[in-house]
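Worksheet: one structure, shown below.
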Protein chains: 2
Amino acid sequence: MDRAVPIGTVSRQTGIKVPTIRYYEEVGLLPSPARTDSNRRSYDAAAIQRLRFIRHARELGFEVEAIRQLLTLSDQPDRSCADVDVIARSHLAEIDEKIAKLTALRSEVQRMVDEGEHGRVAECRVIEVLGDHGACLHERH
Amino acid sequence: MDRAVPIGTVSRQTGIKVPTIRYYEEVGLLPSPARTDSNRRSYDAAAIQRLRFIRHARELGFEVEAIRQLLTLSDQPDRSCADVDVIARSHLAEIDEKIAKLTALRSEVQRMVDEGEHGRVAECRVIEVLGDHGACLHERH
DNA sequence: CTTGATCCTCTAGTCGCTAGAGCATGTAGG
DNA sequence: CCTACATGCTCTAGCGACTAGAGGATCAAG
């Protein structure tokens, strides 16, 4: 029925831009689809499913290489889930690190905003806060 | 006394790689330093301070363009701190958004890891979750 | 004086797309 | 049937923020 979908439709259905879909094919995340007589890509439901998987994984911050690994694993359903787990776990560690950094950043910027309400830049803590240990860029003042 | 430092020393003192320092010069974050007779870059304390500022800001997730704005403001200390404040505030919003996304992501991935401990890939939650049928960051809970 | 570290400039590569040129098809209206 | 115009194709180049390497000059130590 809705087999043999052209790339634009796939793009609309998955929310992935057309050139990006072709890019995923190029880098091997998505198998090369069948072509019509006039050489146009023709996708089936499985391809759309795979693209949704890719999109979701990308949204969750997985790098293309990690997605490639996950897809390879899911293409071989006999392998242990432990492999998948390793990938997810290392990703988790990355996420924790990012959150920690951002939380530190947040409090610093918050402090900037709180303290920087008045006066001129010369006295403004924003610059100082981002310098090293309160050292100021304008040393001479 | 320790004026006129070569680029390698600056690199060690700031933790920024040599080519990156040159890159910052190229894109206008760092003014072109003085040169020695043999055409080598020769940095003073202010340059090092500025690089520390840049590094810190980058680590905190500021984009180069935002750093350029902050540096421009700090180079003209007569301007109102309100300008700096606007930049900082807009970053605060960005940061909050990033933290929110990552926190949601974290629990999602954590759940994957927790539930995906056993069995084969065919039954693995990680794969399911990343497909479109499993819980999605935007749909359920 | 020689060795090896450091410096210079320049070009090209990375990742994950994104945009455009220039051309070939597909589809809908008149 | 013809004309628009949307959509598809391939190919190349660009983005940000670096990073790596070639090929050469210069420095500091032994």
Side-chain angles (χ1 to χ4, degrees), chain A residues 2-30 32-44 47-48 50-71 91 94 98 101, chain B residues 2 4-30 32-44 47-48 50-71 91 94 98 101 130:
Chain A
D2 47 30
R3 306 263 148 175
V5 186
I7 199 167
T9 307
V10 172
S11 173
R12 259 165 262 129
Q13 285 182 14
T14 59
I16 303 173
K17 289 179 185 169
V18 168
T20 306
I21 295 171
R22 292 198 275 244
Y23 169 75
Y24 287 154
E25 181 185 336
E26 193 190 314
V27 298
L29 281 194
L30 193 65
S32 299
R35 298 284 184 131
T36 67
D37 294 352
S38 56
N39 200 36
R40 297 183 172 204
R41 287 170 180 85
S42 184
Y43 297 93
D44 58 11
I48 291 168
R50 199 177 176 99
L51 277 170
R52 290 221 175 95
F53 178 98
I54 293 169
R55 185 190 161 204
H56 196 160
R58 286 290 302 136
E59 274 174 2
L60 291 180
F62 284 86
E63 288 175 9
V64 162
E65 182 51 37
I67 297 172
R68 198 195 319 274
Q69 289 170 24
L70 288 170
L71 283 170
H91 193 55
E94 267 176 43
K98 280 188 189 174
K101 270 192 186 171
Chain B
D2 49 29
V5 185
I7 199 166
T9 308
V10 172
S11 173
R12 258 165 263 127
Q13 286 181 13
T14 59
I16 301 173
K17 288 179 184 169
V18 168
T20 306
I21 295 170
R22 292 197 275 244
Y23 169 76
Y24 287 153
E25 180 184 337
E26 195 189 314
V27 297
L29 281 194
L30 193 66
S32 300
R35 299 282 186 134
T36 66
D37 293 353
S38 57
N39 200 36
R40 297 181 173 207
R41 287 170 181 82
S42 184
Y43 296 93
D44 59 11
I48 291 168
R50 197 174 175 105
L51 277 169
R52 289 219 177 97
F53 176 96
I54 293 169
R55 184 191 163 203
H56 199 140
R58 286 291 302 136
E59 276 175 1
L60 291 180
F62 284 87
E63 288 174 9
V64 162
E65 182 51 39
I67 298 172
R68 199 195 317 275
Q69 289 171 23
L70 288 169
L71 283 170
H91 272 284
E94 258 177 50
K98 279 187 189 175
K101 272 191 186 170
L130 287 179

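Every chain is numbered from 1, with letters handed out A, B, ... down the list of sequences. The shown structure was predicted, so the numbers you read here are calculated from the model rather than taken from an experiment.
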Non-neighbouring partners of A:Glu26 that pass side chain to side chain contact (heavy atoms under 4.5 Å, CB included), sequence neighbours left out: none
Counterpart residues, side chain to side chain contact (heavy atoms under 4.5 Å, CB included), relative to B:Thr9 (two or more places apart): B:Val5, B:Pro6, B:Arg12, B:Gln13
Side chain to side chain contact (heavy atoms under 4.5 Å, CB included) partners for B:Tyr24, two or more places apart: B:Ile16, B:Thr20, B:Leu29, B:Leu30, B:Leu51, B:Ile54, B:Arg58
Results of side-chain hydrogen bond (donor to acceptor under 3.5 Å, both in side chains) for B:Arg22 - residues two or more places apart only: none
Partners meeting side-chain hydrogen bond (donor to acceptor under 3.5 Å, both in side chains) with A:Arg40 (sequence neighbours left out): none
Under 4.0 Å protein heavy-atom contacts per nucleotide of nucleotides 1-19 of chain C, with B for base, S for backbone only and - for none: -----BSSB------BBS-
Salt bridge (Lys or Arg N to Asp or Glu O under 4.0 Å) against A:Glu63, all qualifying residues, sequence neighbours excluded: none
First-last contacting nucleotides on DNA chain D - partner chain A, under 4.0 angstrom, heavy atom: D:dT7 to D:dT10
Partners passing side chain to side chain contact (heavy atoms under 4.5 Å, CB included) against B:Pro33 (at least two apart in sequence or in another chain): B:Glu25, B:Arg41, B:Tyr43
